[in-house]
Amino acid sequence: MRRAYFKNNWVAGLMVAPQLIIIFIFFYFPASQALYWAFTLEQPWGGGNTWVGFDNFRAILTDDLYWSSIWVSIVYAVGATVLAVGMALVLALFVDRRLAGHAITKIGMIWPYAIAAPAVGLAFRFVFSPAAGIMMYVNHVAPGIWNPVQDGAQAMATVIIAGAWKQVAYNFIFFLAGLQSIPRSLIEAGAMDGARVLRRMRDIQLPLLAPTFFFVLVINITDSFTDSFGIVDTMTAGGPSRATNLMVFKIFNDGFQGLDYSGAAAQSIILMLLVVALTFFQFRYIERKVHYT
Amino acid sequence: MANISIKRVRKSYAKTEVVHGVDLEIANGEFIVILGPSGCGKSTLLRMIAGLESVTSGEIAIAGRVVNDLEPHARGCAMVFQNYALYPHMTVAENIGYALKVAGMPKADRAAKVAAVAKSVGLSDYLDRRPGQLSGGQRQRVAMARAIVREPKVFLFDEPLSNLDAKLRVQMRHEIRRIHNQIKATSVFVTHDQQEGMTLADRLVVMNKGVIEQIGTPEQIYHAPASTYVGGFIGSPAMNFLTGQVAARQGAVFLGDGSRIALPADLATAHDAALVQIGLRPEALTLTDPGTGAFDAHFDFVEELGMARLYHFRFEDLTLAVMAADKVQLVPGQAMGVRIDPASVHLFAAATGQRLLPRPMVQTEFAMS
Amino acid sequence: MIERTPILNLVTHLILATGLILMLVPMYLVFVAASHTLNDVTSIPPKLLPGDQLWINLQAAWDKGHLGDRFANSFFVAIGVMLGKIVLACMTAFGLVFFDHRLKMPIFWAIFITLMLPLEVRIVPTYAVAANALLPFQTLLDVTGISWLVNAVSGVQISLEWNLLNTYGGLILPLVATATGTFLYRQFFLTIPEELVEAAKMDGAGPLRFLWDVLIPLSRTNIAALATIMFVYAWNQYLWPLLVITEPSMSMVAVELGRMVPKFTATGGEVAKWNIAMAGTLIVMLPPVVVVIVMQRWFVRGLINTDK
């Protein structure tokens, strides 16, 4: 890629240095610290850490609670992703038809992105609360049917719905942009070829949307592992009985409430590897397969 | 019988009208070229025939059936888009066969038809490629093949050659005409390139600012342009324009500086004392010694065209171009006489730009604006 | 395009209406709850229309959560992150695009990798760093043996400490430490025609002049987009402020929101004052929502360009 350059490289150094320093202090160093802690154990009476090899990892991976946390995280990831991606895709496809009122719908879909995770969590906790509002009425009509305070599955459902609701706006923006980047003449050619609306969605719009779709899919999955803290903390605090004890929440709990830094660090490493693997997967495999131009 | 009938068609977007009442009759099997500059409404007209734009008022009928409310695929038209609009995720074979697939044709029949059409446009070796792997000319042929395979009643072309380089454009022009002669479907071709229009058309429709200026064969349009616009648009190098007033008794038109250009008698008597624009094609003018022609002009510079030269002169604050096959050495500012054959003079009303005819009227097609 | 699909159009409108309702209903319920007394909120049948207690509840929420202070904090942090990101990312992208040196690719990758690990995944160690921001340098000195050397030679024990907990710095700096904005700028800078750089060189402009006089004015829309995203991002921060701030007066709004309702316990615990909490939710939601709606076009554009 031929480019015109400036000659004074020391200026470049000056420009790049601040960000490099910051990411060294706040990213690379903590990441290496995490590695350090994951492989060592803090002495009970201070005096530094001793090397314990993979012991910390072994301890976690044989911990049933950890596996249940992984399982819970996967359930959440799948549930929230399917809901959020599915809904956003359908809505984007039909908003793109540009019928009357689509501009309002568009704004209506986008603004939830601005809402903080704890706000979403609180709002849905209220909506789903068995002791107030709508659900109270449902319990009044069919007593005891709805109680996420006690029922783990129901608690998970509320967390998934809240998480999905928050993600729809983000997905919608990307899908709509992807659809609008398809040249209009392709749609017209399809119409001239005899394909009507639904057929065109199937044969032309969806295949050409595939890169965006996979991108959004992976982002949703990775975000559901990392972004879910605010929602879980305000809605269920990991309960009832750890039914919603997502991995990121467990790390926070173990590290800051339980003061088990080594354990939390080891868990962080595993989570990091998971996220890196997912992102890599998206970049190498998906990007290459799904581009037509 | 796939004739197209366009009656009093208007098109508006919100409050702006872009097509102001167009009437056009296209016979079955004709190759019509709609010619005009950007923004004149020619693409809009084509898209209304296709069903990609709605008709604000007026009527469009194909093969006798009014199609205003019909969806595009129900009209029996196939279209070649300016940027080809090929489906990037489908192979060439799939692109060509898509319409057949939508219509429900079985796979084997489809493959056979696609192969036949691909052969006729020279794409047999490329059936498994994707559009992204093809050159501009090849993509254009895929777009054509896609239209041909549907065996439509009407072919619509929306400036399909604009994105090709000059040499390829000439080649593809011949291809398109050859295919038309073979298939004999009614074709409507839109372009801004007047040379393209002149070489391809059975009849030309010249449009400007949403109205039709003239309809006619290329010959009629070249030799009897209906307005200064048509005269100036068609023909390269472009027509020269001078202003003057007709004097019937002298059988001539007089220019501002008193120079006299002889006119055919019937033309002069028909428009005595009229203020006119005089259209003179460069190839109809000849250079003579100063003082021996209709008037004298001063040499500016010469343009070498290869088979001839275009000499640019200054006259009355205007530039005048004279085409001559033989070489003449001139000095800038040198005066030369310009001789004009009366029969080659085009007269247009100064106010309206409309062509002035000698009486009795010669039958040339006109369009009402 | 002429398309006669009345049934499909009806279905389309139904789908869009349903979507709109699904997205708006939860917030509508929040609004309704925020405008009633606690009794009304927990009454049967549930009240579905707004009441008249809105202003009272808003004030109660403001006082109970000490939202005045928190708002100021959040504003300060959000603007700090926004400005920090805009400036830093611009400088870094500039250094990456308009110069050529061997280290360019490694530096690019070093920055790129930070995209893969959002803050939530590295909270524990990042917290340790916030507790002592000079810890990295201390560790470097220790590990390379320099501090031992200095100690042996001069008897001086090097002990670097800079505590960022409970400070604005601790809130702002870690949020600025990722690559999002850098890639937005980089992508944009790559679309600047080279002729512009060459013309500037011929006019005698050095790189800094070029940056200030040419690049930054051209980047105005990108800057607006990035600013919007960063403001919303920083305002909505929950986990990080939760960890780093123990001093109540330094807290941020999103965290306060979490404190408005008692923690979830299996036995139900204390009864939540839903109407106040919902009013608080509305207050906290307001600034970023206003920003997003007003800056909708830049915001959307920025999202697409940052993450792709």
Side-chain angles (χ1 to χ4, degrees), chain A residues 1 85 89 92-94 96-104 174-218 282 285-293, chain B residues 43 46-53 70-91 94-105 110 129-134 139 142-152 154-160 163:
Chain A
M1 176 172 63
V85 172
L89 184 60
L93 276 172
F94 283 96
D96 188 51
R97 290 199 65 212
R98 282 179 224 157
L99 297 183
H102 79 277
I104 299 183
F174 274 94
F175 283 141
L176 195 62
L179 284 173
Q180 290 175 343
S181 71
I182 298 177
R184 193 114 184 95
S185 56
L186 283 185
I187 312 286
E188 290 175 348
M192 302 273 330
D193 278 342
R196 308 182 83 219
V197 181
L198 292 175
R199 182 103 205 206
R200 291 199 303 262
M201 278 186 193
R202 196 180 98 200
D203 285 340
I204 303 179
Q205 288 181 299
L206 282 178
L208 290 177
L209 197 58
T212 311
F213 178 79
F214 283 107
F215 170 81
V216 166
L217 194 66
V218 176
Q282 198 254 333
Y285 182 68
I286 303 288
E287 293 266 318
R288 230 183 319 153
K289 182 170 184 267
V290 171
H291 276 285
Y292 302 111
T293 42
Chain B
S43 282
L46 190 76
R47 288 164 64 88
M48 283 196 276
I49 301 176
L52 297 174
E53 302 280 356
L70 277 189
E71 296 186 342
H73 64 90
R75 298 187 182 202
C77 304
M79 183 143 153
V80 179
F81 290 81
Q82 182 171 7
N83 57 0
Y84 320 133
L86 301 179
Y87 308 117
H89 57 296
M90 300 189 200
T91 61
E94 286 165 351
N95 260 280
I96 299 179
Y98 184 64
L100 302 176
K101 182 171 170 197
V102 172
M105 190 181 278
R110 241 167 41 215
R129 304 252 186 110
R130 291 242 159 88
Q133 301 165 298
L134 301 176
R139 283 184 213 169
V142 176
M144 303 253 315
R146 186 169 68 176
I148 295 172
V149 83
R150 292 179 50 198
E151 292 166 14
V154 174
F155 268 111
L156 304 170
F157 298 87
D158 190 359
E159 302 203 53
N163 295 340

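So you know, we letter chains A, B, ... as the sequences are listed, proteins then strands, and number each from 1.
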Please look at [X] and chain A and tell me whether the side chain, the backbone, both or neither of the residue comes under 4.5 angstrom of a heavy atom of that chain.
| X | result |
| --- | --- |
| B:E71 | side chain |
| B:L100 | neither |
| B:A78 | backbone |
| B:D158 | neither |
| B:Y87 | both |
| B:R47 | side chain |

Assess the residue pair A:L198 and A:R202 against the criterion (side-chain contact (heavy atoms from CB on, under 4.5 Å)); give the C-alpha distance rounded to whole Å, side-chain angles, the decisive distance to 0.1 Å, and a yes or no. CA-CA 6 Å; A:L198 292 175; A:R202 196 180 98 200; over 6 Å; no

Verify, without hydrogens or angle tests, whether B:R75 (side chain) and B:I49 (backbone) share a donor-acceptor contact under 3.5 angstrom. yes

For A:R184, is it the side chain, the backbone, both or neither that has a heavy atom under 4.5 Å from a heavy atom of chain B? neither

So A:F213 and A:V85, do their side chains get closer than 4.5 Å, heavy atoms only? yes

Which heavy atom of A:G190 sits nearest to which heavy atom of A:R200, and what is that distance? C-CD, 4.2 Å

Heavy-atom pairs under 4.5 Å with chain A are the metric here; pick the option from B:Q133, B:M79, B:R146 that has the most. B:R146

side-chain contact (heavy atoms from CB on, under 4.5 Å), paired with A:L89, selected from A:V216, A:T212, A:L206: A:L206

In terms of heavy-atom pairs under 4.5 Å with chain B, which of A:I204, A:I187, A:D193, A:D203 leads? A:D193

Heavy atoms from other residues, nucleotides or ligands near CD1 of A:I104 exceed 12 (cutoff 6.0 Å): no

From CA spacing to verdict: side-chain contact (heavy atoms from CB on, under 4.5 Å), A:D96, A:I182: CA-CA 11 Å; A:D96 188 51; A:I182 298 177; over 6 Å; no

